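First up is the structure itself, then whatever we jot down about it.
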Number of protein chains: 2
Amino acid sequence: MSTIKDIAAEAGVSVMTVSNVIHNNHARVSPATAQRVREIMARHQYVPNMAARSLISKSSHIIAVLLPIWHGSAASMLLDPYTGQLVGYLEELLREKQYYVMVCSFDQVEQVLALQQTWQMDGMILVLPHEDAITRDLIQRTQAPLVVFDRHYEDLPMLDVCLNDRRGGYTATRYLLEKGHRKIGFAAPSIYESSVIQGRFQGYLEALAEYQLRERKDWLFDGAVHQEGGEAVAEALSHMQERPTAVVATEDLLACGILKGCQERGMQVPEDLSVIGFDDSMPARLITPQLTTIAQDIRQKAATGVQQLFQAMEDETYRNAHAVLDIRLVERQSVREPGNI
Amino acid sequence: MSTIKDIAAEAGVSVMTVSNVIHNNHARVSPATAQRVREIMARHQYVPNMAARSLISKSSHIIAVLLPIWHGSAASMLLDPYTGQLVGYLEELLREKQYYVMVCSFDQVEQVLALQQTWQMDGMILVLPHEDAITRDLIQRTQAPLVVFDRHYEDLPMLDVCLNDRRGGYTATRYLLEKGHRKIGFAAPSIYESSVIQGRFQGYLEALAEYQLRERKDWLFDGAVHQEGGEAVAEALSHMQERPTAVVATEDLLACGILKGCQERGMQVPEDLSVIGFDDSMPARLITPQLTTIAQDIRQKAATGVQQLFQAMEDETYRNAHAVLDIRLVERQSVREPGNI
DNA sequence: GCGTCTCATGATATCGGTTTCATCTGTTTT
DNA sequence: AAAACAGATGAAACCGATATCATGAGACGC
């Protein structure tokens, strides 16, 4: 565990010369000296001390990946395959750029501000699968550049990377319409709370409107959470007088629950009901029938966010950027023409 | 962004007094002064600088969560729901103890050693879903305490938290035997490379032996990876003259693939084939029929690892501990008595 | 031959804390 | 009243790097 002083002493030079070698300051040190110092550093397996470095530079080369604690356990956030995957890609991209990733769950803005200060974080990334009240506050009060995934506020300068949710909802619904469906339901965890789901819902309405259709209240399944919520939707469907021939579900897991619930109640998918999901997550290919779904490119999302972050770190005036990434339809087996067209 | 000096100046005391207040050194500062300093700190939202602190204390309060890069992308590691969940619980537990979590993917031991030094890491946790060659080397060369999940070397002093894989394999097989199965296959990504899978395989053999049975080479499905591997197993089964009535799969995803492959080839689970998986991961409850599986308590696993780590950080002589956590059988729908008993 | 300029290198202060040891005031002991 | 002592506080060194400015040795111009 040698320090820059040890290296300097052994090389018979000052610490500044060693420092200049480390930073490849060719103009400030002769090639011969540089070579000699480099050899000694290699022999000692010298590694600079980040604490000393960040103390004077006021920058730690650490990026915080912030995970809001949602209804109790932080673990639930990384349990979510989407979050895990996103964080994995972020780590990969940041590591390439020689930045370090600190993963931090939190439930108060103050925690984040303190964290940023105590470590002199260079930047922060907020991973937000659900809506929450803290985000606006955090955006306004943070000192370091902050990139937010999946959330945008029109009235605030902010850096964010979102999906074209409107288009996602539209594409899913339009696809069903073109297959001949006219009775199309919509299932979501909470239609009016999350801007993501609102966007998808808007797209759904727009597509319906193009076919001179309007939503029917009894085909809107609000509060359908995860697999259990999907099964509840199936239960509700099974008791309906006039039931939709297709359902747009805003999450794959929800769609899977609907599939499973239907199968258990004697409704066949896609024969009796077509279902389309969102995210193309792992279960989508696992269930039978395989799920038709609206997919997103998580890696591209991560890359876009990292790009925004670095631009903001380099340029103090870059504090307002809004990336909208496109979605694509993945056709599988959970959608077909309605039976009695 | 005030420093300890600013606080000291405003309170009209020396930095040492402020430092003593921060550390609740009641013996070294009068209650009145302490109170006054505390108020000023609160007003300034003072937060100590970790770089300065770790520079002198040679400890950063950072714990590294190390993710070996496996065949390319690091993202794949956090994509794995097991890893994501484990990391989530680790973060939660470490945060409670005021430690910070740095997530680091790596593919060379040197990277890890450099990382540990450059940040003066207090401890490291290696999350290892697959076998790898680097681990032994890392265990032997690391300076900081290191806890390894799911891997144990008898001949090396090390801290690790493993599952009772032998018992898992035994329990799964024994369960099938008690249901009346006598023709039991075994499917795994690689039977002889991973100690985890070897353990499960040993358990499988032991259970068979108790019923005077031996394994049959053609019912050992080696190299079955993920869902695709499972489907390949189903394909192989469908062409068999004499096929097993049940299969033990060492991963849920693998079991799911077998289920799906069987369904597509006209074999019913559990009527024609019983399948038992491992891990009780999210897909287990998603598919139809729901998967009977050997479950583990990931939170307990994380807690045990953290406990080992902290004991090692406190006590330099604590460098050899081997925790073996138990498994439990989760009965669902993918196992029943064989048809023609 | 002397001033100027460049190149290579070094001395020193500094970042924001902690550690160690000193000091100062007032009280108790003898 | 002098000495001893405890309690409260402070001065200064230090951790390992970087930034700023200084210095010394040759090369070059005139």
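In what follows, every heavy atom counts, from backbone to side chain, and hydrogens, waters and symmetry copies are set aside. Convention: sequence-line order gives letters A, B, ...; per-chain numbering from 1. Source: prediction; values computed, not measured.
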| query | What's the CE-P distance between B:Met41 and C:dG17, to the nearest Å? | reply | 11 Å
| B:Leu66 versus B:Leu138: any side-chain heavy-atom pair under 4.5 Å? | yes
| query | What's the CD-P distance between A:Gln120 and C:dG16, to the nearest Å? | reply | 8 Å
| query | Does anything in residues 13-39 of chain A pair up under salt bridge (Lys or Arg N to Asp or Glu O under 4.0 Å), and if so which pairs, sequence neighbours excluded? | reply | none
| Knowing that exactly one of A:Val196, A:Leu325, A:Asp326, A:Val324 qualifies, which makes a side-chain contact (heavy atoms from CB on, under 4.5 Å) with A:Leu163? | A:Leu325
| Whole-Å distance separating the CG atom of B:Asn25 from the P atom of C:dG17 | 16 Å
| Side chains of A:Glu92 and A:Tyr89: closer than 4.5 Å at any heavy-atom pair? | yes
| Do the rings of B:Phe310 and B:Tyr99 sit parallel, tilted or perpendicular, given the 30° and 60° boundaries? | perpendicular
| field | Phosphate contact (D:dG7 OP1 or OP2) by B:Ser30 side-chain N/O below 4.0 Å | value | no
| said: Tell me whether the side-chain N/O atoms of B:Thr3 come closer than 4.0 Å to OP1 or OP2 in C:dC15. | reply: no
| Between C:dT14 (P) and B:Asn49 (CG): distance, integer Å | 18 Å
| query | Hey, does A:Tyr100 have a side-chain heavy atom less than 4.5 Å from the side chain of B:Cys104? | reply | no
| query | Looking just at side-chain N and O atoms, do A:Ser105 and B:Glu91 make a donor-acceptor pair shorter than 3.5 Å? | reply | yes
| Any side-chain N or O of B:Lys58 less than 4.0 Å from the OP1 or OP2 oxygen of D:dG16? | yes
| field | 5' priority, DNA chain D, between B:His26 and A:Met1 [closest heavy atom] | value | B:His26
| said: Nearest 0.5 angstrom please: B:Leu86 CG to B:Gln296 CD, how far? | reply: 8.5 Å
Check nucleotides 18-24 of chain D against the protein and report each pair of N or O atoms closer than 3.5 Å, with its distance, or say if there are none.
from   : atom 1 : to      : atom 2 : distance (Å)
D:dT18 : OP1    : A:His23 : NE2    : 2.5
D:dT18 : OP1    : A:Arg53 : NE     : 3.2
D:dT18 : OP2    : A:Ser19 : OG     : 2.6
D:dC21 : N4     : A:Arg28 : NH2    : 3.4

Show the distances under 3.5 angstrom between N or O atoms of the protein and N or O atoms of nucleotides 4-6 of chain D.
none

| request: Can you tell me the distance, in whole Å, between the CE atom of B:Met50 and the C1' atom of C:dG16? | output: 12 Å
| query | Cationic tip of A:Lys301 within the cone over A:Phe149's six-membered ring, i.e. under 6.0 Å and within 45° of the normal? | reply | no
| If you look at every strand shown and take non-hydrogen atoms under 4.0 Å, does A:Ser54 touch a base, only sugar-phosphate, or nothing? | nothing
| query | Within the structure shown, what part of the strands sits under 4.0 Å from B:Ala27 by heavy-atom distance: base, sugar-phosphate, or nothing? | reply | sugar-phosphate
| What is the distance from CD1 of A:Ile7 to C1' of C:dG10, rounded to the nearest Å? | 18 Å
| Of the options B:Val13, B:Val21, B:Ile7, B:Val18, which is the one that meets B:Ile40 in a side-chain contact (heavy atoms from CB on, under 4.5 Å)? | B:Ile7
| Nucleotide nearest A:Thr17 when distance is taken to its side chain, options D:dC15, D:dG10, C:dG10 | C:dG10
| Interatomic distance, B:Gln117 CD vs D:dG16 P [rounded to whole Å] | 11 Å
| task | Measure the distance from CG on B:Leu55 to C1' on D:dG16 and round it to the nearest whole Å. | result | 5 Å
